[in-house]
Amino acid sequence: MTDQSSTPTNFIRQLIDRDLAEGRHGRIVTRFPPEPNGYLHIGHAKSICLNFGLAEDYQGACHLRFDDTNPEKESDEYVNAISRDVAWLGFQWAGEIRYASGYFEQIHECALELIGKGLAYVDQLNAEQMREYRGTLKEPGRDSPYRDRPVAGNLALFAQMRAGDIDEGAAVLRAKIDMASPNINMRDPVLYRVRKVHHHQTGDTWCIYPMYDFTHPISDALEGITHSLCTLEFEAHRPLYDWVIEHCTLPAQPKQTEFARLNLNYTVTSKRKLKQLVDERQVSGWDDPRMPTIAGLRRRGYTPASLRRFCDMVGVARADSTVDMGMLESAIRDDLNQNAPRAFCVLRPVRVVIENWPADQVEMLSGPVHPQDESFGERQIPMTREVWIDREDFLEEANKKWKRLLLGDEVRLRYGYVIRANEVVRDSSGEISEIRCTYDPDTLGKNPEGRKVRGVIHWVSASRNVPCEVRLYDRLFNEANPDKTEEGKTFLDGINPASLTVLKGCVAEESLAGASVGQGYQFEREGYFAVDPDSTSEALVFNLTVGLRESF
Ligand code: ATP
Ligand code: MG
């Protein structure tokens, strides 16, 4: 059934193949159901790639549906950020954006149906009593004294809940299932609660809100979802999902299937914890390039293709596991190695004066935009009397292994001439402010015979360049598993205090003038970098996306 795409098969694809072969469905419909209470993270990317990817491969449809049943925590900002991220990953949802809140009327109908059938009742135990009556994993629960209230009484009370005549916490609607069930989710779960709060979609229309476990199967059925895919923590909720589908009159009978969450080491993937990092200003925002959010990864320079590739590499399994951050990094490195234009950027500049180069002479040198792919063309690099090189590319004394510029010795300026360092000039603090050099006009594009040049370094003209700021990143957490903390500590204790280094006064080659936000480059010998939205007309700002080689 699947096309020739590179996606390997998995147990969900096998299930779909079987359902299609046995005629259970003509066309598959999946959905991605985020709660708009935060920004999406890399774990969500896996769920997005799975749901939208299946719809693409099987020529079905995937819906984007906001599961918005907790009005206090939800907002339009999150709705917008989430939709933007899904679209940016390259997926198109079928039809309009959907909202569980768009089904509040039908969900309410289902509640009335269950009450009418004697399968739901209004409970007036308070929260503490309810907890007590629920029992424990080892002990069965006990029936609420309100459990056998007649249908008419339940209908009247539920109407009062809806009308706003009952205070928050004073009553809930519960399913009447089995207080002795070994599965706590089946011990008369709450279906509706009173919340007198404004909802970002429905305004003040409702003061009762359905619970997720009740809302989700009904929304799936109303949308004709064939395969409702969710993470493993919902496995124990499946009997309740099936119970709702069985006892409410609905147009379809969707099935829930669980798969393993994606966990990544050296970071956290929980919206609650990510929100805490934002709220406590541990990072600059949801899109801080150190965040594992899709918005953060985008700003960092990750491409949609690299995230999709990563999700493919991770695969879909039934057992939870933790994926190495190095795998995510290698996905973007491979992408950028193939697709990023090359450029020179000097991160810690020191001035080189070429004494035998005429003061106002400019020579346009040329280098490949991509060393392995001619279709990228050539870039023009102006050579002038003064150039910047990296402070770390120069030493006054070194042994034979030093492959860069050394006092009294020669190095090649990449795509340019061989220069020799003759002398250093120091400022009042003793730091080298200038390296006085000479160049050999006979060395452009060739190494004269018998000449041993130590190495090749990158450089940027001191009079013709683009000033920039470069932000270097290290992992946000020092702990491989920040969630696992010792007594008395929280995940915040695992934060790496040196995860951001800002380099100001950097210089990039002239051809980068006007580079657009988000564009990625390989800064030769340095790593992969992307243009940050903080860039101004005075200075570009670059984020380190990933190093040239695996560094951990
Ligand atoms: P969080 O715990 O970060 O708040 P969530 O599961 O509460 O995540 P939702 O907005 O409810 O967030 O999730 C939307 C969908 O994404 C759900 O189907 C959920 O199962 C899936 N999802 C969430 N986290 C992961 C993850 N780490 N790996 C794979 N899928 C995930
Ligand atoms: Mg959730």
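Below, all heavy atoms of this structure are taken into account, side chains as well, without hydrogens, waters or symmetry copies. When a ligand or atom number is given, it counts from 1 through the structure's own listing order. Because the structure is predicted, anything quoted here is derived from the model rather than measured.
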*Can you tell me if Lys273 has a non-hydrogen atom under 4.0 Å from ligand 1?*
no

_I'd like to check which ligand 1 atoms, numbered from 1 as shown, lie under 4.0 Å from a non-hydrogen atom of Lys271._
1 (P), 3 (O), 4 (O), 8 (O), 9 (P), 10 (O), 12 (O)

*Looking only at distance, does Lys46 have an N or O less than 3.5 Å from an N or O of ligand 1?*
no

*When you check the gap from the basic side-chain N to the acidic O, do Asp204 and Lys196 get nearer than 4.0 Å?*
no

*Considering only heavy atoms, which of Cys49, Gly43, Cys230 lies nearest to atom 25 (C) of ligand 1?*
Gly43

*Closest to atom 20 (O) of ligand 1 among Leu232, Thr231, Leu262 (heavy-atom distance)*: Thr231

*May I ask you to say whether Asp188 pairs ionically with Arg147, meaning some side-chain N is under 4.0 Å from a carboxylate O?*
yes

_For His108 and Tyr192, take the angle between the two ring planes, folded into 0 to 90°, and tell me which bin it lands in: parallel under 30, tilted 30 to 60, perpendicular over 60._
perpendicular

*Does any N or O atom in Arg272 lie less than 3.5 angstrom from one in ligand 1, N or O only?*
no

*Looking only at distances, please establish whether an N/O atom of ligand 1 is found under 3.5 Å from an N/O atom of Asn37.*
no

*For atom 18 (O) of ligand 1, which candidate among Pro33, Ala260, Pro292, Ser270 holds the nearest heavy atom?*
Pro33

*Which option, His44, Arg261, Glu258, owns the non-hydrogen atom nearest atom 13 (O) of ligand 1?*
His44

*Strictly by modelled atom types, are Tyr473 and Asn543 linked by a side-chain donor-acceptor pair under 3.5 Å?*
yes

_Using a 4.0 Å cut-off to any heavy atom of Glu35, which atoms of ligand 1 qualify?_
9 (P), 10 (O)

_Would you say the ring centers of Phe529 and Tyr521 fall short of 6.0 Å from each other?_
no

*asked:* Taking Asp19 first and then Lys255, would you say they form a salt bridge - that is, a charged N and a carboxylate O separated by under 4.0 Å?
replied: no

*When rounded to the nearest 0.5 angstrom, what distance separates CD in Gln282 from OG in Ser499?*
9.5 Å

